[in-house]
A.B. asks: 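Sending over a structure as structure tokens; questions will come in a sec.
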Amino acid sequence: MLSVRDAESTILNAVKPLDNQRDIEYIDLLTANGRILASPVVSSRGFPHWDHALMDGYAVRYHDVQHARADKPVILQVVAEIRTGDEPSVTLESGQAVRIFTGAMIPKGADTVIMQEKTHRQENRVLVFIAPQSHEFVIHQGEFYQAGNDLLPSGIVLSATEIALLAAAGREKVSVFRNIRVAIFSTGNELVTLEELPKPGQIFDSNQYALATLMRQLGAEVLLLGIVPDDPIALEQTIDYAITSADIVISTGGVSVGDYDYIYRTLASLGATIHFNRVKMRPGKPLTFATFPNEGLNYAGIDKLQKLYFGLPGNPGSALVTCWRFVQPAVRKMSGMARGWEGKLLKVKSSSELQSNGKMETYIQGELKLRNGECEFHQAEGKHSSANLVNLAQTNALAILPVGKTIVHPGEEVWTLMVKEF
Ligand SMILES: Nc1nc2c(c(=O)[nH]1)N[C@H]1C(S)=C(S)[C@@H](COP(=O)(O)OP(=O)(O)OC[C@H]3O[C@@H](n4cnc5c(N)ncnc54)[C@H](O)[C@@H]3O)O[C@H]1N2
Ligand code: MOO
Ligand SMILES: [Mg+2]
């Protein structure tokens, strides 16, 4: 059986990122939050654009004021005022000062700004009571960034700070990767939609809701294909449609060894390359991963990518854990993110005793909590079963017990996978 690490590398090796020429959109800056930059942004202006003042005060020549003292102020002639936004028309001569404001351009001849609190104004003269540092409160053109270099690299996720920088560079529109398209369906004769009333033996389909939510959080465009019965023909039709309509297909159920678990057989009959159908982990052992070559598929714009198929186990806990552990990194990589696809792993103290049979890499549901500024893992209190969605509702992290590890004592450190912000 494949280890979790090998399963992960098999998946990530199969993922080809979107193409930075073909798979792009040019969008308004205000709609770019969470999108991934498809090409580096270069600015033709440096940051800051001009030498400017960092304080309200007086622009001076350092040489004139270097010996100023409280008991021996230097007196300068105020020859002009430069308001923020004005282009200076004066050149400062020795013995002169210019009234200046935060953000205003420094006039030629000046090299230093003195805060107005350190001065005293007498009509058109200013008394300077303290010697500044040379170049104090002046920021120079290009000191943050020099024109022509990469201002932002491609492959980064845009958020408020990058969007602000793009605005500062005058970019109204930005080139980003298109959204990944993910098709999702549930399999199982026992499943009903939320509009139906479950008869004895039937349950509502919750997996599509879980997976659609997780995929949308990653910015994917979700195509919900509904509930498919445990029937090879219906499954074949759905999978065939799904792989021509999306970049990634996720199904739940039907991947174990039961007589009505048809996913493996259906994938094989459709000519998929099945990379694995068992992983040494709990929950999630029957996870199935396959790829479909791109030939013969003609969905406009996405026909050249290899399609990925994730057959997640039907148990709600297994479906979520395998999605967090494997599907999310794959989606991030395909989306064009340059790095940081893998889940966020955090080593913390466990406040609970954690147990495993030691045979499988075990993922234990629970919560990361801050206590006295330190992060701790608390095991979820309900019954631990991959069928227990109630337990999962407050889970924000999974503690990971590697193969061979049977117990983690309270106070001992354990690796956790963060699955929700907290
Ligand atoms: N003899 C064996 N039996 C099972 C094994 C095994 O190794 N030998 N593995 C177990 C493991 S581990 C898991 S996980 C499940 C996986 O089963 P399947 O992927 O085949 O899923 P189903 O049989 O279709 O369903 C399992 C379970 O999950 C419920 N389910 C399914 N879909 C949904 C949904 N969309 N929403 C909510 N709940 C769902 C379903 O009703 C079943 O209770 O197999 C074990 N068996
Ligand atoms: O390991 Mo299955 O994935 O019980 O739940
Ligand atoms: Mg089954």
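Along the sequence shown, residues are numbered consecutively beginning with 1. Both counts, for ligands and for their atoms, begin at 1 and track the order of listing. The structure presented is a predicted model; accordingly, all values stated were derived computationally and were not measured.
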A.B. asks: Using non-hydrogen atoms of the residue, decide whether Ser206 is closer than 4.0 angstrom to ligand 1.
C.D. replies: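 Judged by the 4.0 Å heavy-atom criterion, Ser206 does count as contacting ligand 1.
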A.B. asks: Using a 4.0 Å heavy-atom cut-off, which part of Ile227 comes near ligand 1: side chain, backbone, both, or neither?
C.D. replies: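 Looking at Ile227 and ligand 1, no heavy atom falls under 4.0 Å.
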A.B. asks: Would you mind listing which atoms of ligand 2 come within a distance below 4.0 Å of any non-hydrogen atom of Asn315?
C.D. replies: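 The list of qualifying atoms is 5 (O).
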A.B. asks: Would you please say whether a donor-acceptor pair under 3.5 Å links the side chains of Gln116 and Thr119?
C.D. replies: no
A.B. asks: Would you say the side-chain atoms of Gln355 and Thr406 include a donor-acceptor pair closer than 3.5 Å?
C.D. replies: no
A.B. asks: May I ask you to decide whether Glu376 forms a salt bridge with Lys369, counting only side-chain N to carboxylate O separations under 4.0 Å?
C.D. replies: no
A.B. asks: With heavy-atom distances below 4.0 Å as the criterion, list the atoms of ligand 2 near Gly284.
C.D. replies: 1 (O), 2 (Mo), 3 (O)
A.B. asks: Output the list of atoms in ligand 2 that are nearer than 4.0 Å to some heavy atom of Ser386, sorted by atom number.
C.D. replies: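 Heavy-atom distances to Ser386 below 4.0 Å select 2 (Mo), 4 (O), 5 (O).
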A.B. asks: State the atoms of ligand 2, each with its element, that fall below the 4.0 Å cut-off from a heavy-atom position in Lys285.
C.D. replies: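 Contacts of ligand 2 toward Lys285, numbered from 1: 1 (O), 3 (O).
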A.B. asks: Quick one, Met334 and Pro17 - any side-chain contact, counting heavy atoms below 4.5 Å?
C.D. replies: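 A side-chain contact is absent here, since even the closest heavy-atom pair is not under 4.5 Å.
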A.B. asks: Suppose we call two aromatic rings close when their centres sit under 6.0 Å apart. Are Phe289 and Tyr309 close by that rule?
C.D. replies: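 Distance test on ring centres: not under 6.0 Å, no.
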A.B. asks: Should you measure from each heavy atom of Ser186, which atoms of ligand 1 turn up under 4.0 Å away?
C.D. replies: 35 (N)
A.B. asks: Specify side chain, backbone, both or neither for Asp230, according to which of its non-hydrogen atoms lie closer than 4.0 Å to ligand 1.
C.D. replies: neither
A.B. asks: Using a 4.5 Å cut-off on heavy atoms from C-beta on, say whether the side chain of Met105 contacts that of Asp86.
C.D. replies: no
A.B. asks: What are the atoms of ligand 1, with element, lying closer than 4.0 Å to any heavy atom of Val257?
C.D. replies: 1 (N), 2 (C), 8 (N)
A.B. asks: In terms of atom number and element, which parts of ligand 1 are under 4.0 angstrom from non-hydrogen atoms of Lys285?
C.D. replies: 6 (C), 7 (O)
A.B. asks: Which of the listed options, Ser318, Gly258, Gly311, Pro286, holds the heavy atom that is closest to atom 11 (C) of ligand 1?
C.D. replies: Pro286
A.B. asks: Ligand 1 versus Val255, non-hydrogen atoms closer than 4.0 Å: side chain, backbone, both, neither?
C.D. replies: both
A.B. asks: Cationic tip of Arg99 within the cone over Tyr58's six-membered ring, i.e. under 6.0 Å and within 45° of the normal?
C.D. replies: yes
A.B. asks: Please identify which atoms of ligand 1 are closer than 4.0 Å to at least one heavy atom of Thr252.
C.D. replies: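 Here the atoms of ligand 1 in question are 35 (N).
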A.B. asks: State whether the shortest distance between N or O atoms of Gln208 and N or O atoms of ligand 1 falls below 3.5 angstrom.
C.D. replies: no
A.B. asks: Between His135 and His140, does the ring centre distance come in under 6.0 Å?
C.D. replies: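 Centroid distance His135-His140: below 6.0 Å, so yes.
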A.B. asks: Please work out, at 4.0 Å between heavy atoms, whether the side chain, the backbone, both, or neither of Asn315 comes within that distance of ligand 1.
C.D. replies: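 Looking at Asn315 and ligand 1, atoms from backbone and side chain both fall under 4.0 Å.
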A.B. asks: Note the single closest protein heavy atom to atom 38 (N) of ligand 1, along with its residue, its atom name and the distance in Å.
C.D. replies: Ile203 CD1, 3.4 Å
A.B. asks: Would you say that Val176 contacts Tyr26 through its side chain, given a criterion of any heavy-atom pair below 4.5 Å between the two side chains?
C.D. replies: no
A.B. asks: Does Asp205, backbone or side chain, put an N or O under 3.5 Å from an N or O of ligand 1?
C.D. replies: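 There is such a contact, yes.
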A.B. asks: Who's the nearest protein heavy-atom neighbour of atom 42 (C) of ligand 1, and how far?
C.D. replies: Glu190 OE2, 4.1 Å
A.B. asks: Between Gly314, Ala319, Ser256, which one has a non-hydrogen atom sitting closest to atom 30 (N) of ligand 1?
C.D. replies: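 Residue with the shortest heavy-atom distance to the ligand atom: Gly314.
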A.B. asks: Pairing donors with acceptors under 3.5 angstrom, does anything connect the side chains of His275 and Thr10?
C.D. replies: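 There is no such pair (donor and acceptor under 3.5 Å, judged by atom type) between the side chains of His275 and Thr10.
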A.B. asks: Between Asp247 and Lys307, is there a salt bridge with N-O shorter than 4.0 Å?
C.D. replies: no
A.B. asks: Tell me: protein heavy atom nearest atom 18 (P) of ligand 1, and distance?
C.D. replies: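 Its nearest protein heavy-atom neighbour is Gly254 N, 3.4 Å.
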A.B. asks: Does CZ in Arg45 sit with more than 12 non-hydrogen atoms of other residues, nucleotides or ligands closer than 6.0 Å?
C.D. replies: no
A.B. asks: Taking non-hydrogen atoms only, is Asp261 closer than 4.0 angstrom to ligand 1 via side chain, backbone, both or neither?
C.D. replies: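 Near ligand 1, Asp261 shows its side chain, while the N, CA, C and O stay back.
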A.B. asks: Side chain to side chain contact (heavy atoms under 4.5 Å, CB included) between Met360 and Met1: does it pass, once the steps are laid out?
C.D. replies: CA-CA 10 Å; Met360 304 257 182; Met1 215 185 303; 4.1 Å; yes
A.B. asks: Near Ser318, which atoms of ligand 2 are under 4.0 Å from a heavy atom of that residue?
C.D. replies: 2 (Mo), 3 (O), 5 (O)
